[in-house]
Amino acid sequence: MDAPRAARLAVAARPPGPRAPARFPFASSTAPRRAGWWWCLRDPRADSSGGGSTFPSPGRCTRLALAHRNRKSPAANLGLPPPRPPRSPAAGIGKVTGDGGCEGRPLVECAGDRPTQEPAGVVEEKASEMSSTVPKSSNIFWHDCGVGKADRQKLLKQKGCVVWITGLSGSGKSTLACTLGRELHTRGKLAYVLDGDNLRHGLNKDLGFKAEDRVENIRRVGEVAKLFADAGLVCIASLISPYRRDREACRALLSDGSFVEVFLNMSLELCEARDPKGLYKLARAGKIKGFTGIDDPYEAPLNCEIEIKEVDGVCPTPSDMAGQVVTYLEEKGFLHE
Ligand SMILES: Nc1ncnc2c1ncn2[C@@H]1O[C@H](COP(=O)(O)OS(=O)(=O)O)[C@@H](OP(=O)(O)O)[C@H]1O
Ligand SMILES: Nc1ncnc2c1ncn2[C@@H]1O[C@H](COP(=O)(O)OP(=O)(O)O)[C@@H](O)[C@H]1O
C-alpha cells in the first residue's frame with residue numbers, strides 16, 4: 001500500500017493568534033459551507049459512555065484539508081461513502097485505515113458545536129485565535145495510554161485540579177501559593193506550584209512583558225497546569241495573568257469545576273507599599289516600562305471562585321488565605337478520592 005491513508009489528511013490551521021477565547025461559540029448561520037471540511041477523530045471512550053464526544057474533547061474540531069488540494073470530502077478521500085448530514089455523532093462515517101496509528105478509530109463529523117454552518121472565513125478566524133487547541137503541525141494524532149486520570153486520582157486519593165492565583169505584583173501570590181502547597185503537603189496531598197517568576201527562569205525565559213509575551217506566558221502555563229491536573233495533582237499556578245481573556249482560556253482547558261480562580265484583590269497602594277523587589281519604585285521612576293498596575297493594565301476577574309481582599313486595609317494572614325482555599329477544595333471534593 002502507498003502512504004497510509006490517515007496520513008493523507010493534513011491539518012489546516014493558521015499560526016496561533018495572540019489571544020485564545022474561552023470557548024468556541026459557533027453560532028449557526030445560513031451561510032453556505034466553503035471548501036474545507038471539519039472533522040474530528042471520534043473518542044473511542046464515547047462508545048462505552050454512549051455519548052457523542054469528539055476527540056480529544058468536544059469542540060476541538062480540526063479543519064482537515066486534503067493533500068493535493070482535492071476539494072472532495074475527507075470521507076471520499078478515505079474511500080468512504082460521502083457523509084449525509086445531519087448525522088448521529090455516535091455513528092461515525094467510517095474508520096481510519098492505514099498504519100498511521102489511528103487505524104480503526106471512527107471518523108466523525110464534529111458534533112454539538114461543530115461549525116458546519118459557519119462561514120469558513122469566520123471559522124478560520126476563530127481557529128486562529130484558538131492557539132492552544134488548534135495545532136500548527138500536520139499529521140498528528142492523539143494517543144491514549146492505559147493508565148488514565150481516574151487511575152492516578154485513585155492512587156493519590158485526591159482529584160486533579162488547578163488553583164489559579166491572580167493579582168498584582170506584591171499582592172501575595174507566591175506567599176499564598178507556597179503556604180497552600182505546604183498545607184496540602186501536610187495533609188498528605190500532592191500539590192505543585194507553578195510560579196510566574198520561577199517559570200520565567202526556564203520554560204518561559206524567552207518571554208518578556210509585552211502584551212503578546214504575557215499572552216504566550218499564560219497560554220503555556222495553562223497547558224502545563226492542565227497536564228499537572230491530569231496527573232492528579234493540585235496544581236497551584238501563581239502568575240499576575242493580567243488579561244481576563246487569557247485566564248478564561250486556561251479555564252476552558254479544564255473540565256468543569258476543576259479550575260479554581262483565586263483573586264488576590266489587594267489595592268495597588270498596599271502592593272506598592274510592600275514592593276519587596278523595588279520594582280514599583282523603578283516603574284514609578286520610569287526605569288521599568290509596562291509595569292502591571294502602573295502603566296500596564298490588570299483586568300480583575302468577574303466570576304472567580306475565591307476572592308481574598310483586605311478588610312479595613314488589613315490583609316488576611318498567609319495562613320488564613322491558604323485556609324480559605326483548602327476549605328473550598330475540601331468542600332468541592334478535590335482532597336478525596
Ligand atoms: N513589567 C512588569 N510587569 C509585571 N511584573 C514584572 C514586570 N517586570 C518584571 N516583573 C516581575 O515578573 C513577575 C511577573 O511574572 P508573571 O509571569 O507572573 O507575569 S504575567 O502573568 O505574564 O503578567 C513579577 O513577579 P510578582 O511580583 O511575583 O508578581 C515581577 O517580579
Ligand atoms: N497575607 C500577607 N500578609 C502580610 N504580608 C504578606 C502577605 N502575603 C504576602 N505578604 C508579603 O508581601 C510581599 C509580596 O508577597 P509575594 O507573595 O511576593 O507577592 P507576589 O507573588 O504577588 O508578588 C512579601 O514581602 C510577602 O512577605
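When reading the values below, keep in mind they use all heavy atoms of this one structure, side chains included, and skip hydrogens, waters and symmetry mates. Fair warning: this is a prediction, and the values are worked out from it, not measured in the lab.
Comment: Arg220 does not engage Glu223 in a salt bridge, judged by the lack of any side-chain N to carboxylate O separation of less than 4.0 angstrom. The residues Asp195 and Lys173 are annotated as not salt-bridged, no charged nitrogen and carboxylate oxygen being separated by less than 4.0 angstrom. At a threshold of 4.0 Å, the pair Arg219-Glu216 counts as salt-bridged, since one of the basic side-chain nitrogens sits closer than that to a carboxylate oxygen. One finds a salt bridge joining Lys277 and Asp197 here, because a Lys/Arg side-chain nitrogen approaches an Asp/Glu carboxylate oxygen to under 4.0 Å. Under the 4.0 Å criterion applied to side-chain N and carboxylate O atoms, Arg251 and Glu305 are assigned as salt-bridge partners.
Annotation for Ile165: hydrophobic cluster partners, listed by chain and number, are Val163, Leu176, Leu180, Leu184, Val193, Val234, Ile236, Val260, Val262, Leu264, Met266, Leu270, Ile306, Ile308, Met321, Val325, Val326, Tyr328, Leu329, Phe334, Leu335 (ILVMFWY side-chain heavy atoms under 4.5 Å, direct or chained). In the hydrophobic clustering, Val314 connects to no other residue, as no ILVMFWY side-chain heavy atoms lie under 4.5 Å from its own.
Atom CG of Leu199 is separated from atom CG of Leu239 by 6.5 Å, given to the nearest 0.5 angstrom.
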Check the pair Val221 / Trp164 against side-chain contact (heavy atoms from CB on, under 4.5 Å), numbers first and verdict last. CA-CA 10 Å; Val221 179; Trp164 190 280; 4.0 Å; yes
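Legend: side chain to side chain donor-acceptor pair (under 3.5 Å) pairs involving residues 306-318, not counting sequence neighbours, sorted by first then second residue: Asn265-Glu307, Ser267-Glu310, Thr317-Asp320.
Taking the six-membered ring for Trp and thresholds of 30 and 60 degrees, Tyr280 and Phe291 have ring planes more than 60 degrees apart, a perpendicular arrangement.
Across Cys250 and Gly222, no two heavy atoms sit closer than the pair SG-CA, 3.6 Å.
Both the sub-6.0 Å distance and the 45° axial angle are satisfied by Arg200 relative to the ring of Phe209.
Asp275 places a side-chain N or O within 3.5 Å of a backbone atom of Lys281 that can act as its donor or acceptor partner. Judged by distance alone, the side chain of Glu261 and the main-chain N or O of Thr166 form no donor-acceptor pair under 3.5 Å.
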